[in-house]
Amino acid sequence: MKIRKITADCIYPVSEPPIQNGVVIVDENGKILALDRRKNHDAASLEIYPGVLIPGFVNTHCHLELSHMKSVVATGTGLIPFIKGVVTKRGNFSASIIKSAIEKAEKEMLDGGIVAVGDISNAPDTFETKSHGRLRYYTFLELFDFLQENNAESTFLAGQSVFEKLNLHPNSRATFAPHAPYSVSKNLFRRITAANPSENATISIHNQETPPENELFMQKTGGFVDFYGGFGISLDAFSATKKSAIFYALENLNPKNRTIFVHNTLTTKSEIEAAQAWSPNVFWASCPNANLYIENRLPNYQMFLDTNAQVTLGTDSLTSNWQLSILEEMKTITRFQSYVTFENLLKWATLNGAKALGFEDTLGSFEVGKTPAILLLNLKKDQRLRPETRVKRLI
Ligand SMILES: [Zn+2]
């Protein structure tokens, strides 16, 4: 058995405090055999790097199937014009352009140190790429019926026929997932919950990304009422719940499963606490670059720190981002809210994401028996992310 002993100025196991001059010892398959200190080893047996070693990144929110629409939809318009742009433009591409963009985007994630992805699918376009298992995928087969209770069953059946096309690699999983509170009827929520495992599964839902979401639920006014009207979709059967959008999700989701709320740019501290009281298995996926791309706003991360929230990171799609890089998401948070420490960001980018997807058996931290990949960051002694910080995958 060929053993590698890899060391850098500092190693971050994530599951325990950083180790100065630490050594990660792995077998030929990248499985962690032990963590140790440099002084216990003959220097000639070590691979020594300047910088820090961290486990592979987990991207908890992506739409790989939208990779071909890079730079197609304008930045800074707000969510509703953005959705209109995606809906009207996504069909204008050939199958070969869509396929090659998916392959290229997957390679970008692999090269950038991402080892697992929570990926939204509306169509089967990504299924062949995912079947190779180069990354660990959790596919969320996403459904929406524009709040039309009578369309829930036909929407579900159409989604089920896409789900059946999945050719899951053994390291991957899949569930049905509701798109967002403003687009999923109660009947469809019920159908989704009944079709998913009753526990130990992960669900994803977009949440509180733009002010009109709360307006719709509080007063049945605002941009979504106009949006639906513009498409000739009636909201006559929908009445305001008089509570913000996230409560509609909480009332209709299964608290025994893991729930990833995605975006949360407008979520308040009391809403975070309400969700955490509803279930201990709540995760908050933040996609700061997509938030800047679409709405030019960011969540207030202090509220998530104050509530001990399990934050994860996501890239969203190339339709709403300039790249698919978890490191770039970490840099953006550092740039605009630099009180969030590197160690916090690292936990969000690795172990929290692995837990959210139920992949912490192999990924997310340097722990004996895991195969989390080993990434090198060229951080200086102050351990600050800078625009020029780069990631290199060593294993
Ligand atoms: Zn999304």
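Every number for a ligand or one of its atoms is a count from 1 in the order of the listing.
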Whether Cys62 has an N, O or S atom under 2.8 Å from the Zn ion (ligand 1)
no

Quick check: His179 with His63 (ring centres under 6.0 Å apart)?
no

Check whether any N, O or S atom of His61, backbone or side chain, sits closer than 2.8 Å to the Zn ion (ligand 1).
yes

Does any N, O or S atom in Cys287 come within less than 2.8 Å of the Zn ion (ligand 1)?
no

Can you tell which of Phe224, Phe238, Tyr182 makes a ring-ring contact (aromatic ring centres under 6.0 Å, His included) with Phe217?
Phe238

Looking at OG1 of Thr210 and NE2 of His263, how far apart are the two atoms once the value is rounded to the nearest 0.5 Å?
11.0 Å

Given the side-chain rings of Phe261 and Phe283, with only the six-membered ring counted for Trp, is the space between their centroids under 6.0 Å?
no

